[in-house]
Amino acid sequence: MCFTPLKNDRLIKALLRQPTDTTPVWIMRQAGRYLPEYREIRKQAGSFLDLCKNRELACEVTLQPLRRFELDAAILFSDILTIPDAMGLGLYFSEGEGPKFERPLRTQADIEKIGVPDPTESLRYVTDAVTLIRQELDGKVPLIGFSGSPWTLSTYMVEGGSSKDYRHIKGLMYDQPAALHKLLDTLANSVSAYLNAQIEAGAQAVMIFDTWGGVLSPECYARFSLDYMQQIVSSLKRNYEGQTIPVTLFTKGGAQWIEDTAATGCDAIGLDWTINIADARKRVGDRVALQGNMDPCVLYAAPDKIIDEVKSIMTGFGNRPGHVFNLGHGIHPAVNPEHLGIVVDTVHRVGREIRNSQ
């Protein structure tokens with residue numbers, strides 16, 4: 001497959017800890033409900049899942065933020081629950097309640113019934129969208145593919161949806177660990193195949209979202225989350241058609257484990273806002289790049305406060321390669337889009353100032 005060469009490769013260089021002219025920036029959930037143009041497409045699609053499964057509409061909403069802001073990457077518009085949906089669990093979305101599954105996995109017998117979905121069949125709509133987006137980007141910026149982590153996917157699959165106490169998944173973890181390991185291994189193989197299919201379709205970097213890893217104890221995090229992410233990292237196509245494909249791991253609430261995360265072989269670690277980025281840099285050194293880590297709620301503040309926070313994070317990281325500016329989690333729906341524009345412009349300006357201060 002032939003694509004236009006990258007015109008802006010800041011993101012790839014930063015993830016690989018190579019020098020850049022300024023700090024690259026993209027935002028988690030940058031294609032989403034804070035944009036009025038997204039809300040119009042969402043109405044047109046009929047439902048969130050229909051939007052995800054329509055490659056033309058998924059491409060359109062992926063590109064929307066790039067028309068407004070000078071972002072340094074596009075990220076595939078999709079959902080982390082595409083894999084369990086492809087496993088036949090009956091994914092649906094209830095208004096105001098988030099994702100739910102008609103057939104949650106509560107027993108070992110339930111777990112034994114599922115297998116690794118073929119991404120070229122049941123998840124073909126995702127890879128088709130990746131290829132179309134990559135073509136439409138025409139080399140402007142790189143395209144990021146992604147998946148949920150095995151642990152995070154399993155929480156939804158066992159709980160049947162979102163949870164406050166994780167009683168079903170943690171009950172399974174403590175009472176029947178072998179059954180949960182079976183599920184996590186199946187999911188690790190599924191995520192590996194899924195991300196490799198995205199890479200083959202045109203993704204130039206990939207990210208694994210471990211949204212709920214932070215609810216685990218240190219011992220359980222290592223055994224039931226990090227070990228399986230490491231398994232995925234070792235299974236990915238890190239070089240494809242002559243290009244290096246960087247891999248980023250992000251655990252929300254995972255600041256205490258970043259040394260262990262760096263040891264997985266990933267290229268970058270996503271940080272939430274619960275850790276000082278200067279401290280994180282000291283702890284992991286130059287082993288990995290760092291992505292993050294502004295509190296999304298800063299975007300509700302006045303422009304001068306937003307600028308101050310951006311400067312503080314960038315100054316904390318310092319003048320060295322390997323920083324991708326981002327929020328510590330996804331942008332909130334009620335944020336004024338103009339405030340994101342302030343972040344993007346400030347990151348690029350301050351990044352150049354830092355590099356010119358040598």
Side-chain angles (χ1 to χ4, degrees), residues 9-26 28 72-73 142 144 146 149 204-210 213-214 216-219 221-223 225-236 238-239 243-295 309-329 347-348 350-358:
D9 61 356
R10 286 178 191 139
L11 175 83
I12 303 300
K13 284 183 174 179
L15 291 174
L16 297 175
R17 304 178 303 288
Q18 298 171 1
T20 56
D21 64 322
T22 189
T23 303
V25 53
W26 70 276
M28 287 186 272
D72 293 295
I144 302 168
F146 72 91
S149 72
Q204 293 151 289
V206 294
M207 182 165 173
I208 299 173
F209 288 89
D210 187 31
L216 292 166
S217 68
E219 181 185 21
Y221 175 74
R223 293 176 56 210
S225 183
L226 192 61
D227 282 357
Y228 289 98
M229 288 195 287
Q230 182 165 15
Q231 180 178 324
I232 295 164
V233 169
S234 65
S235 301
L236 292 179
R238 306 293 288 277
N239 289 278
Q243 302 299 314
T244 301
I245 311 296
V247 180
T248 302
L249 301 185
F250 171 69
T251 295
K252 185 182 178 186
Q256 62 182 309
W257 304 307
I258 60 172
E259 292 91 347
D260 295 328
T261 305
T264 62
C266 67
D267 297 289
I269 297 174
L271 303 174
D272 67 15
W273 61 91
T274 62
I275 182 172
N276 178 281
I277 199 166
D279 292 340
R281 182 80 277 171
K282 290 176 184 176
R283 287 169 56 186
V284 300
D286 294 320
R287 286 182 288 166
V288 291
L290 295 178
Q291 178 180 281
N293 62 330
M294 193 169 80
D295 184 341
E309 186 65 18
V310 171
K311 287 181 176 178
S312 175
I313 291 168
M314 296 183 69
T315 303
F317 186 89
N319 187 9
R320 57 202 300 183
H323 183 208
V324 174
F325 195 95
N326 209 309
L327 302 180
H329 203 247
V347 169
H348 286 156
V350 174
R352 289 189 178 95
E353 291 172 356
I354 290 173
R355 281 154 183 77
N356 291 335
S357 66
Q358 286 182 311

Participant: I'd like to know whether Thr244 forms a side-chain contact (heavy atoms from CB on, under 4.5 Å) with Ile12, so could you lay out the CA-CA distance, the side-chain angles of the two residues, the decisive distance to 0.1 Å, and finally the verdict.
Facilitator: CA-CA 8 Å; Thr244 301; Ile12 303 300; 5.8 Å; no

Participant: Might you confirm whether atom CD of Gln243 has over 12 heavy atoms from other residues, nucleotides or ligands at distances under 6.0 Å?
Facilitator: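 No.
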
Participant: Can you name the side chain to side chain donor-acceptor pair (under 3.5 Å) partners of Arg223, sequence neighbours left out?
Facilitator: none

Participant: Taking all non-hydrogen atoms of both residues, which atom of Ala280 and which atom of Ile275 are closest, and how far apart?
Facilitator: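 Ala280 and Ile275 have their closest heavy atoms at CB-CD1, 3.7 Å.
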
Participant: Not counting sequence neighbours, which residues clear salt bridge (charged side-chain N to carboxylate O under 4.0 Å, His left out) with Asp72? List them please.
Facilitator: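 Result, salt bridge (charged side-chain N to carboxylate O under 4.0 Å, His left out) vs Asp72: Arg10.
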
Participant: Testing the basics here: between Gln204 and Pro246, what is the closest heavy-atom pair and its distance to 0.1 Å?
Facilitator: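 Heavy atoms of Gln204 and Pro246 come nearest at O-CD, 3.3 Å.
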
Participant: For Asp286, check side chain to side chain contact (heavy atoms under 4.5 Å, CB included) against everything at least two apart and list the hits.
Facilitator: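 Side chain to side chain contact (heavy atoms under 4.5 Å, CB included) list for Asp286, sorted by chain: Arg281, Arg320.
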
Participant: How would you list, by chain and number, every residue that makes a side chain to side chain contact (heavy atoms under 4.5 Å, CB included) with Thr274, sequence neighbours excluded?
Facilitator: Ala255, Asp272

Participant: For a quick test of reading the model, state the closest non-hydrogen atom pair linking Gly292 to Ile277 and the distance between them.
Facilitator: O-CD1, 4.1 Å

Participant: Let me confirm one number: the OG1-CG distance from Thr248 to Leu290, rounded to the nearest 0.5 Å.
Facilitator: 10.0 Å

Participant: Evaluate the criterion side-chain contact (heavy atoms from CB on, under 4.5 Å) for residue pair Leu271 and Ile258; output intermediate values, then yes/no.
Facilitator: CA-CA 9 Å; Leu271 303 174; Ile258 60 172; 4.0 Å; yes

Participant: Could you give the distance from CD1 (Ile208) to CG (Leu236), rounded to the nearest 0.5 Å?
Facilitator: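 Answer for the CD1-CG pair, Ile208 versus Leu236, is 6.0 Å.
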
Participant: Nearest 0.5 Å, what's the CE-CE distance between Met294 and Met314?
Facilitator: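 Those atoms lie 11.5 Å apart.
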
Participant: Which distance, rounded to the nearest 0.5 Å, do you find between the CE of Met229 and the OG1 of Thr264?
Facilitator: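 Nearest 0.5 Å value for the CE-OG1 distance: 7.5 Å.
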
Participant: Just to verify, what does Asp267 make a side chain to side chain donor-acceptor pair (under 3.5 Å) with, not counting sequence neighbours?
Facilitator: Arg238

Participant: Verify, without hydrogens or angle tests, whether Thr22 (side chain) and Arg352 (backbone) share a donor-acceptor contact under 3.5 angstrom.
Facilitator: yes

Participant: For Thr23, which residues count as a side chain to side chain donor-acceptor pair (under 3.5 Å) partner, sequence neighbours excluded?
Facilitator: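 Checked Thr23 against side chain to side chain donor-acceptor pair (under 3.5 Å); matches are Arg355.
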
Participant: So, taking the atom named CD1 in Ile245 and the one named CG in Leu15, what distance separates them when rounded to the nearest 0.5 Å?
Facilitator: 11.0 Å

Participant: Which heavy atom in His329 sits nearest to a heavy atom in Phe250, and how many Å separate them?
Facilitator: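 Smallest heavy-atom distance, with atoms named: CD2-CE2, 3.7 Å.
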
Participant: If the condition is side chain to side chain contact (heavy atoms under 4.5 Å, CB included), which residues does Ser234 pass it with, not counting sequence neighbours?
Facilitator: none

Participant: Looking only at non-hydrogen atoms, find the nearest pair between Ala73 and Ile144 and report the distance.
Facilitator: CB-CD1, 3.8 Å

Participant: Quick one: side chain to side chain contact (heavy atoms under 4.5 Å, CB included) partners of Arg287, sequence neighbours excluded?
Facilitator: Glu259, Ala262, Val284

Participant: Not counting sequence neighbours, which residues clear side chain to side chain donor-acceptor pair (under 3.5 Å) with Ser235? List them please.
Facilitator: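 If we apply the side chain to side chain donor-acceptor pair (under 3.5 Å) test to Ser235, skipping adjacent residues, there are no hits.
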
Participant: Show the nearest heavy-atom pair for residues Val288 and Cys266, with the distance to one decimal.
Facilitator: CG1-O, 3.5 Å

Participant: For the residue pair Phe317 and His323, does the interplanar ring angle fall in the parallel (under 30°), tilted (30 to 60°) or perpendicular (over 60°) class?
Facilitator: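 Ring orientation of Phe317 relative to His323: parallel.
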
Participant: Taking Asp210 for the side chain and Leu249 for the main chain, is one N or O donor matched with an acceptor at less than 3.5 Å?
Facilitator: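 No.
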
Participant: Without swapping roles, check the side chain of Ser312 against the backbone of Glu309 for a donor-acceptor pair under 3.5 Å.
Facilitator: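 Absent.
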
Participant: With sequence neighbours excluded, what pairs up with Trp257 under the ring-ring contact (aromatic ring centres under 6.0 Å, His included) test?
Facilitator: Tyr221

Participant: Listed by chain and number, what are the salt bridge (charged side-chain N to carboxylate O under 4.0 Å, His left out) partners of Lys13, not counting sequence neighbours?
Facilitator: Asp9

